[in-house]
Amino acid sequence: VGCRSDDHANSFVKSPTEVLPGLKLTAIVCGASHTLALVEQQDKNLAKTMTVLYGWGDSSFYDSESQIREPREITAVTRVIKAEKIEPLHVAAGGNFSLMLDARGRVYSWGIGTYGQLGSGRVWDKALPKMIEGLHDVIRALNQFDLVSVAAGHDHSVCIASELKGGNKEDDSPQN
């Protein structure tokens, strides 16, 4: 997958290569110049399974190191996942930005937002995932749809919603 060699030159892998051996991948996606993987692993402190994000490729939009040649946990994103109690279901990788959908139907975005693809209503960059408030508010107000997937193009974002069957959904506002 992508560039990988002992001398880190611009050589490409010419045959399938196992990525993250021994880890349980739940999703893997490729953007224009980066790859993301959701990985389930045991949280040593909480004694439970949690999902963390691994990445490799061009990471200049979320990490101080611009090129990550080998897959590694994106610890800054994992800290956000833990702090906000996010349960990631899907990820998407765009041109130089990423999206994440959680189990409560909330979408998070981060990266370069030159064309508004981060969904904040502005054209600025975000180094860490932040919930797209406006999208969450609209879906919650309609009370008849669940977000089921996210996708990212080079400079645009898409969410897929599914109509609820059998009535309205319960309020999913964060509980303090």
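- Here Ile160 sits in one hydrophobic cluster together with Val148; the rule is ILVMFWY side chains under 4.5 Å apart, joined directly or through other members.
- Without hydrogens or angle criteria, Asp155 side chain to Tyr115 main chain gives no donor-acceptor distance under 3.5 Å.
- Val80 has its side chain out of reach of Lys82: every pair of non-hydrogen atoms, C-beta onward, lies at least 4.5 Å apart.
- Interatomic distance, Thr35 OG1 to Tyr54 OH, rounded to the nearest 0.5 Å: 15.0 Å.
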(request) Determine, step by step, whether Val107 and Leu147 satisfy the side-chain contact (heavy atoms from CB on, under 4.5 Å) criterion, reporting the C-alpha distance in whole Å, the side-chain angles of both residues, the deciding distance to 0.1 Å, and the verdict. (result) CA-CA 9 Å; Val107 178; Leu147 292 180; 3.6 Å; yes
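- Atom CZ of Phe97 and atom CG of Leu118 lie 7.0 Å apart (nearest 0.5 Å).
- Rounding to the nearest 0.5 angstrom, the gap separating the CH2 atom in Trp110 from the CG atom in Leu53 is 5.5 Å.
- When hydrophobic clusters are built by joining Ile, Leu, Val, Met, Phe, Trp and Tyr residues whose side-chain heavy atoms come closer than 4.5 Å, directly or via intermediates, Leu128 is grouped together with Ile86.
- Side-chain contact between Asp58 and Asn96 is present, with at least one heavy-atom pair separated by less than 4.5 Å.
- Judged purely by distance below 3.5 Å, without hydrogens or angles, the side chains of Thr78 and Glu73 pair a donor atom with an acceptor atom.
- Inspection of the Lys126 and Ser109 side chains reveals an N or O donor paired with an N or O acceptor under 3.5 Å.
- The heavy-atom pair separating Ser33 from Gly95 by the smallest distance is OG-O, 3.8 Å.
- By the side-chain hydrogen bond (donor to acceptor under 3.5 Å, both in side chains) test, Glu87 pairs with no residue at all, sequence neighbours left out.
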(request) Evaluate the criterion side-chain contact (heavy atoms from CB on, under 4.5 Å) for residue pair Ile28 and Leu36; output intermediate values, then yes/no. (result) CA-CA 6 Å; Ile28 188 166; Leu36 301 173; over 6 Å; no
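- Within the model, atoms NZ of Lys24 and OG1 of Thr26 stand 8.0 Å from one another, a figure rounded to the nearest 0.5 Å.
- Residue Leu99 is not grouped with residue Leu89 when hydrophobic side chains (ILVMFWY) are merged at heavy-atom distances under 4.5 angstrom, including chains of intermediate members.
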(message) Determine whether His136 and Ile132 satisfy the following criterion, side-chain contact (heavy atoms from CB on, under 4.5 Å), listing intermediate values before the conclusion.
(response) CA-CA 6 Å; His136 179 70; Ile132 303 173; over 6 Å; no
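- With rounding to the nearest 0.5 Å, the separation of NZ in Lys48 from CD in Gln41 is 13.0 Å.
- Looking at heavy atoms from C-beta onward, His34 lies in side-chain contact with Ser98 at the 4.5 angstrom threshold.
- Using a distance-only test at 3.5 Å, with no hydrogens or angles considered, a donor-acceptor pair links the side chain of Gln117 to the main chain of Ile112.
- Legend: residues meeting side-chain hydrogen bond (donor to acceptor under 3.5 Å, both in side chains) with Lys130, ordered by chain and number and at least two apart, are absent.
- Residues Leu38 and Pro88 are in side-chain contact: their nearest non-hydrogen atoms beyond the backbone lie under 4.5 Å apart.
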